[in-house]
Amino acid sequence: MTTLTKTEGEKAPTGPDSFLSVRDLRVRFSTEDGIVKAVDGLSFDVERGKTLGIVGESGSGKSVTNLTVLGLHNPKTTTVEGEILLEGQDLVTTPEKEMEKLRGNKVAMIFQDPLTALSPYYTVGRQIAEPFMKHTGASKKEARDRAVEMLTKVGIPQPRTRVDDYPHQFSGGMRQRAMIAMALVCDPDLLIADEPTTALDVTVQAQILDLLKDLQQEFGSAIIFITHDLGVISDMADDLLVMYSGRAVERGSVREVLREPRHPYTWGLLSSMPRLGGSTSQPLTPIPGSPPSLLNPPSGCPFHPRCTFTDKVSGDRCSTERPTLGDGRAAACHLTAEQKQTIFIDKIQPRLR
Ligand code: SF4
């Protein structure tokens, strides 16, 4: 299981099995309107060969977190604090020249839209072969053979011929497979997949997810899988981090979080999501309101303007006191453990049937 055991803000050493350890990460952007707190004190660990799912609405900080892990933020407008320890090496303080060597080699990313990651001017084969040559020093011939091998692995038919095709000659699903081949060509230890199947139809989506799982078995990579779709995550991840307003609000194994979620925001996400095989008479319940501005986040619990359970918490704690995320399986909410359990059983669980 992916280890998620330390509290936010804690600067702990990496665990024995932790491949990536993020500690108290804070990412801020300077804009004309002020400072955007995109990530605000986030901690998590990912083990080798395991998948951590990160879920949350747009603007929750999940994509910014992962672009920061890859060092793809603009250093002129972005401030990064905290630690991103990759096998003990802190990526926050690693110079850009060294990050270039890590990207595509030790750490790789699959983007939502292959058209933004694949250049229309070069053949698919060349785009897979180039990072391999750059990072391994392989010859052109070796790199081309490797591109054919990778296209075969990701299930592209006639790979020896298709290796010379341009991206526009591939279907959407094939382009996504080609991008996976490109990301995995150097056998990275950490793969970050950002909404990798959102643009695909359900059948192709299922094929790509199966492919990722098979390749993870073969390559042993750790995966961070970012999505807003809790249905996809149940099938893909070992552990789950739910993000809201740049913070982690709930974490645990995927099984625990989906079976017995403890945070009102996670309840909201699950209640607003269609369920495969669920009752069609049970209406979906959207979360009221919209995600908060990161320029001027709400005081106290960032979810309080949208939360329908603030009356269960004494005084004005929800709007004045920031709840912290405890160790291990945890939810950052002022409700007591008993209240969370009772509300879930009485009010939330019936909606999820
Ligand atoms: Fe809702 Fe209060 Fe819990 Fe935040 S701390 S999720 S506002 S009950």
Side-chain angles (χ1 to χ4, degrees), residues 4-10 24-26 36-44 53-62 64-65 227-230 233 239-273 284-352:
L4 295 167
T5 52
K6 304 293 178 189
T7 53
E8 281 184 300
E10 190 177 344
D24 198 20
L25 183 68
R26 290 166 201 274
V36 172
K37 288 184 180 174
V39 179
D40 193 16
L42 181 68
S43 300
F44 63 86
I54 303 186
V55 291
E57 293 163 293
S58 299
S60 59
K62 52 194 197 308
V64 172
T65 299
T227 183
H228 61 274
D229 187 342
L230 280 163
I233 217 75
D239 287 287
L240 192 55
L241 194 68
V242 182
M243 285 190 70
Y244 187 78
S245 190
R247 302 171 186 179
V249 295
E250 180 157 9
R251 68 177 167 206
S253 74
V254 124
R255 203 181 147 86
E256 288 167 333
V257 176
L258 295 186
R259 274 199 165 185
E260 205 181 322
R262 294 178 185 170
H263 195 282
Y265 177 59
T266 318
W267 295 340
L269 283 180
L270 284 165
S271 304
S272 61
M273 188 186 85
L284 300 181
T285 316
I287 305 174
S290 46
S293 156
L294 297 174
L295 269 171
N296 192 13
S299 58
C301 171
F303 190 56
H304 87 259
R306 305 172 77 187
C307 185
T308 49
F309 302 102
T310 51
D311 60 332
K312 310 269 187 243
V313 177
S314 61
D316 56 2
R317 284 182 77 204
C318 288
S319 59
T320 58
E321 192 184 318
R322 174 176 168 168
T324 53
L325 197 67
D327 286 347
R329 170 82 181 99
C333 171
H334 293 313
L335 292 168
T336 63
E338 200 184 342
Q339 281 176 314
K340 286 171 191 160
Q341 195 178 32
T342 310
I343 294 171
F344 177 69
I345 291 169
D346 293 350
K347 292 193 159 48
I348 310 299
Q349 210 167 33
R351 287 188 205 158
L352 305 182

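Read the numbers this way: they start at 1 and go in the same order the structure lists the ligands and their atoms. None of the values given here were measured: they were computed from a predicted structure.
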Original post:
Rounded to the nearest 0.5 Å, what separation is found between the OG1 atom of Thr310 and the CG atom of Leu335?
Top reply: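 Taking OG1 in Thr310 and CG in Leu335, the distance rounds to 9.5 Å.
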
Original post:
From Gln341 CD over to Gln349 CD, what is the distance, rounded to the nearest 0.5 angstrom?
Top reply: 10.0 Å

Which of the ligand 1 atoms, numbered from 1, are nearer than 4.0 Å to a heavy atom of [X]:
{"X": "His304", "answer": "7 (S)"}
{"X": "His263", "answer": "6 (S)"}
{"X": "Thr310", "answer": "7 (S)"}

**OP:** Check whether any N, O or S atom of Cys301 sits under 2.8 Å from atom 4 (Fe) of ligand 1.
**Re:** yes

Subject >> Qualifying residue for side-chain hydrogen bond (donor to acceptor under 3.5 Å, both in side chains) with Tyr244, from Lys62, His263, Arg306 >> reply: Arg306

To check your reading of the model: name the closest protein heavy atom to [atom], its residue, and the distance in Å.
{"atom": "atom 5 (S) of ligand 1", "result": "His334 N, 3.3 Å"}
{"atom": "atom 1 (Fe) of ligand 1", "result": "Cys307 SG, 2.4 Å"}
{"atom": "atom 2 (Fe) of ligand 1", "result": "Cys318 SG, 2.3 Å"}

Original post:
Side chain, backbone, both or neither: which part of Lys312 comes within less than 4.0 Å of ligand 1 when only heavy atoms are counted?
Top reply: neither

**OP:** With heavy atoms under 4.0 Å as the rule, classify the contact between Cys333 and ligand 1 as side chain, backbone, both or neither.
**Re:** both

Original post:
ring-ring contact (aromatic ring centres under 6.0 Å, His included) with Phe309: which of Trp267, Phe303, Tyr265?
Top reply: Trp267

**OP:** Please say whether more than 12 non-hydrogen atoms of neighbouring residues, nucleotides or ligands are located less than 6.0 Å from NZ in Lys340.
**Re:**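 Yes - once you tally the heavy atoms of other residues, nucleotides and ligands closer than 6.0 Å, there are more than 12.
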
Original post:
Between Pro305, Ser293, Cys318, Ser319, which is the residue that forms a side chain to side chain contact (heavy atoms under 4.5 Å, CB included) with Pro298?
Top reply: Pro305

**OP:** Say whether, by atom type as modelled, one donor and one acceptor occur between the side chain of Thr320 and the main chain of Gly300 under 3.5 angstrom.
**Re:** no

